> 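Handing you a structure now.
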Amino acid sequence: MSESNELTAASATLGAKVAESRPLDTSVLNKDNESIELFSVEQWIENVDEVSKLGVGVIVKPADDVQLLKDTLNDVALIALDFNNFDDGRGYSQAYLLSKRWKYAGEIIGINAHLDQLQFMLRSGVTSYKLLEGYEGFDELDYSNGFSICYQAAANNSGLKKKF
Amino acid sequence: MYQYSPEDTKFLVERVDQFEKQLKRHLDGDLDAAKFRSLRLRNGLYMELHAHMLRVAIPYGTLNTIQLRALADVADKYDRGFGHFTTRQNIQYNWIELSEIANLLRELSSVGLHAIQTSGKATRNITADPLSGLTEGEIADARPYCELIRRWLNLHPEFSWLPGKFKIAINGAKLDETALRVHDLGLRLIRNKEGELGFTVYVGGGLGAAAMVAAETASFVPVEDILSYLESAMRIYNLKGRRDHLKKLRIKFLVRELGAKEYSRLVDEDWKQTRDDPELKLNLTHLSELEKDFALPIKPLALDGFVDKVDFNYSIWKKNNVRAHKVSGHSIVNISLTKLGEAPGDATSEQMRILADLADQYSYSELRTTKRQTIVFPYVRKDQVFDLWQSLEKYGLASPHQGTLAQIVACPGGDYCDLAKAGSIPIATRVQQRFDDMDKLLDIGDLNINISGCENSCAHHHVADIGLLGMQKNGEEYYQITVAGETLHKTVIGKKLGPSVSGDNVVDAVEDIVNVYLDNREEEEKFTEVFKRIGIKPFKEKVYE
Ligand code: SF4
């Protein structure tokens, strides 16, 4: 047989539209358990002069352009990347840019995260995460740290044997 | 031959362990079908209505006989005694039980085979010229590079959830047997004026509904910088590729919408910032180790006074299936597994074991798989070709039709594939019946006919001399004809001949096209050369007269 596609290819992408219309998270608990108010990227850009010193975080959706945050990155208290859409991989590139390229020193939290994506999130530069409901009772280490080796440079390869 | 180290094998097993847990969560109702689908596809598993299909990678199309026997064992133990070699150097099994998948994959991992990223919106198996290392004039064997890039993309944290599937091909030979420029990303090994090795990069090619030849985005990327370049090329796609429209997921749509120039500019801008990152330089120590592992196992042979046997059937077979080797005293032998009228690429476990035995005997225990779904023996001594042919004859593996027009590439089509709009294999059979005269076949020579049953274009009909695409018109099967596509010397998408032709008339149309070619051919001219000289008009007139 030559290579064919699978019939049900539509299902996953239809989910994407639904996901985009969810209300955005307006706050998140940081790693010290403090509640941090979240601004959207647009809100942040508009109000940066007033809020930059107030300890406000920014929530980045997959479709957001993280380049817009580059110049004011040091004033952002925390960045929350939204991984709700299981198939949307833009968050990994966003995490890479923020963490490895622009050396953002604050917390990069992956919110609405899925168990199966932990390994990709953490290695791309996400520093903490908050799983969606429904993943209780499973060993997170199986998914955050299920491998002994890595084959590529990444924002975070700690604990892995490097072969590249 | 190159083999995985214990740490690589461990990685494969860890991957199976994780997948087994995901499968269990799914079966227990803790992981919904849509998410599980994304995960299982990245492990090569398709769930069809009645059975499960598993696609196993054959990286750069190179197999040793231990691996081939393991594939045969899998066919017997977990399938119904069959495997299907695909057009992209993979093998598929169609009747896999979910409960056995983890054991199957563990068995394969012990011989360095896996199904990682053979499907889903991720980087797929990297294909290479099946004749890598074997032909005269090659710039370099592509396989060490394929292996390094394959490794680098293994569960890449940033690029495992792309907008669409992403297929890479690498070619180091003069002729392009990989169809490089109809891939999402194609790398051609070249040397610059200073003699340094590097790659020309092509991005955004593809077949299917919007067939496109990939644009050149970089004329020369030095070998050491290829990973950083690829990283940028994929990052731009990951961030900007269309995710909102099911039919526009592939990178070709991004390149088309932005324009190749703008896409390249974005890539270059990103690349500037990482190019000097030492962690992204290609590891030249690993490269030279791999070059040793992939070095040819043969030395030049002086076969003084050797005269090959004379036998009518042998000579015909040899003309179409044996190619010159760059190492003197050796030949490259092409073997088709299927008889006329069968779906190309099908192999029984018995055939796999026969091939493994023959490859042990005649080809230094190595085989290659090709996009024409055939098997290549890369290292056959010239004075043993006849013996090999006799063995192949005995097992029905030396049809003289191979390498002629009658060796048609047809997708499973309406007989086996749920997506098909029309039949492929029945048309192939009818064309073969029409051209059943061996003298005529030999006169026509190497002319490719490829038949796809729908726009997914699994049979690559756009790049064949004559391409047929199945479609429906008022509930009947029709075929769109394209002519003069090619990839070997340069990449050209075939031109549409005119309105689609009904199933009843399509074989006549093929015969007309072949006859126009024969009537106009001068000396040894190939189909595409005649087409270039006389244009589409004579073909059109004949078919639609
Ligand atoms: S081209 Fe269409 S009909 Fe043929 S195998 Fe591919 S998806 Fe199926």
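Small disclaimer: the values here were computed from a predicted structure and weren't measured. Residue numbers start from 1 in every chain, and the chains themselves are labelled A, B, ... in the order their sequence lines are given, proteins ahead of strands.
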> If you count every heavy atom of other residues, nucleotides or ligands that lies below 6.0 Å from Lys421(B) atom NZ, does the total exceed 12?
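Incorrect, the count does not exceed 12.
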> Starting at CZ of Arg90(A), measure out to CG of Asn238(B) and round the result to the nearest 0.5 Å.
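With rounding to 0.5 Å, CZ (Arg90(A)) is 8.5 Å from CG (Asn238(B)).
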> Working note: His156(B) + Arg123(A), criterion side chain to side chain contact (heavy atoms under 4.5 Å, CB included); need CA distance, chi angles, decisive distance, verdict.
CA-CA 9 Å; His156(B) 195 296; Arg123(A) 287 191 57 209; over 6 Å; no
> Look at Arg101(A), Lys162(A), Gln119(A) and state which one has the largest set of heavy-atom pairs under 4.5 Å with chain B.
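Highest number of pairs under 4.5 Å: Arg101(A).
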> Do Tyr92(A) and Phe159(B) have side chains that get closer than 4.5 Å, going by heavy atoms?
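Contact flag for Tyr92(A)/Phe159(B) side chains = no.
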> For the candidates Leu97(A), Leu115(A), Ile149(A), Asn156(A), which exhibits the highest count of non-hydrogen atom pairs separated by less than 4.5 Å from chain B?
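Most pairs with chain B among the choices: Ile149(A).
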> Verify, without hydrogens or angle tests, whether Glu158(B) (side chain) and Ser124(A) (backbone) share a donor-acceptor contact under 3.5 angstrom.
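Looks like no, no N/O pair under 3.5 Å.
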> With a 4.0 Å cut-off on N to O distance, would you call Arg25(B) and Asp116(A) a salt bridge?
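Counted as a salt bridge, because a side-chain N and a carboxylate O are separated by less than 4.0 Å.
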> How about Leu31(B) and His114(A): do any of their side-chain heavy atoms sit closer than 4.5 Å?
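Contact flag for Leu31(B)/His114(A) side chains = no.
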> Taking atom types as modelled, find out whether Ser148(A) and Glu14(B) have a side-chain donor-acceptor pair closer than 3.5 angstrom.
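Yes - a donor-acceptor pair under 3.5 Å links their side chains.
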> Show your working on side chain to side chain contact (heavy atoms under 4.5 Å, CB included) between Arg243(B) and Asn85(A) and close with a plain yes or no.
CA-CA 11 Å; Arg243(B) 291 175 187 264; Asn85(A) 185 340; over 6 Å; no
> Would you say the side chain of Phe147(A) lies within less than 4.5 Å of the side chain of Arg15(B), judging by non-hydrogen atoms?
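Contact flag for Arg15(B)/Phe147(A) side chains = yes.
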> Using the side chain to side chain contact (heavy atoms under 4.5 Å, CB included) rule, take Arg235(B) and Tyr96(A) through it: C-alpha gap first, then chi angles, then the decisive distance, then the call.
CA-CA 10 Å; Arg235(B) 180 170 298 126; Tyr96(A) 164 86; 3.0 Å; yes
> Assess the residue pair Asp30(B) and Glu136(A) against the criterion (side chain to side chain contact (heavy atoms under 4.5 Å, CB included)); give the C-alpha distance rounded to whole Å, side-chain angles, the decisive distance to 0.1 Å, and a yes or no.
CA-CA 10 Å; Asp30(B) 290 321; Glu136(A) 301 81 12; over 6 Å; no
> When only pairs under 4.5 Å are counted, which of Thr285(B), Leu282(B), Ile91(B), Asp270(B) shares the most heavy-atom pairs with chain A?
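That would be Asp270(B).
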> Does the Lys NZ or Arg CZ of Arg151(B) fall within the cation-pi geometry relative to Phe164(A) - under 6.0 Å from the ring centre and within 45° of the axis?
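That pair does not qualify as a cation-pi contact.
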> In the structure I gave you, are the side-chain heavy atoms of Tyr151(A) and Leu153(B) within less than 4.5 Å of one another anywhere?
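A side-chain contact under 4.5 Å is absent here.
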> Is it the side chain or the backbone of Asn283(B) that comes within 4.5 Å of chain A heavy atoms, both, or neither?
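It is the side chain, since no backbone atom gets that close.
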> Can a salt bridge be assigned to the pair Asp87(A) and Lys121(B) using a cut-off of 4.0 Å between side-chain N and carboxylate O?
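Result for this pair is no, no salt bridge flagged.
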> Pick whichever of Gln117(A), Met121(A), Lys161(A) has the most heavy-atom pairs under 4.5 Å with chain B.
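Looking at each option in turn, the highest pair count goes to Gln117(A).
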> Does the pair Lys100(A)/Asp277(B) count as a salt bridge with the N-to-O cut at 4.0 Å?
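Yes, charged N to carboxylate O under 4.0 Å.
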> Heavy-atom cut-off 4.5 Å, strictly under: side chain, backbone, both or neither for His286(B) against chain A?
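Just its side chain gets close to chain A.
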> Could you check whether any side-chain heavy atom of Tyr143(A) comes within less than 4.5 Å of a side-chain heavy atom of Gln22(B), counting everything from C-beta outward?
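With C-beta onward as the side chain, the pair touches.
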> Can you see which heavy atom on Gln18(B) is nearest to which on Asp142(A), and at what distance?
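The answer is NE2-O, 3.1 Å.
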> Any non-hydrogen side-chain atom of Phe11(B) less than 4.5 Å from a side-chain atom of Cys150(A)?
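Result no, sub-4.5 Å side-chain heavy-atom pair not found.
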> Between Asp8(B) and Lys163(A), is there a salt bridge with N-O shorter than 4.0 Å?
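Salt bridge: yes.
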> Let me know if Lys35(B) has heavy atoms under 4.5 Å from chain A in its side chain, its backbone, both or neither.
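Both backbone and side chain.
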> Just wondering, are more than 12 heavy atoms of other shown residues or ligands nearer than 6.0 Å to CG in Asp139(A)?
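Counting other residues, nucleotides and ligands, CG of Asp139(A) exceeds 12 neighbours.
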> Is there a side-chain contact between Pro157(B) and Gln152(A), using heavy atoms and a 4.5 Å cut-off?
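Of all side-chain heavy-atom pairs linking Gln152(A) with Pro157(B), at least one is under 4.5 Å.
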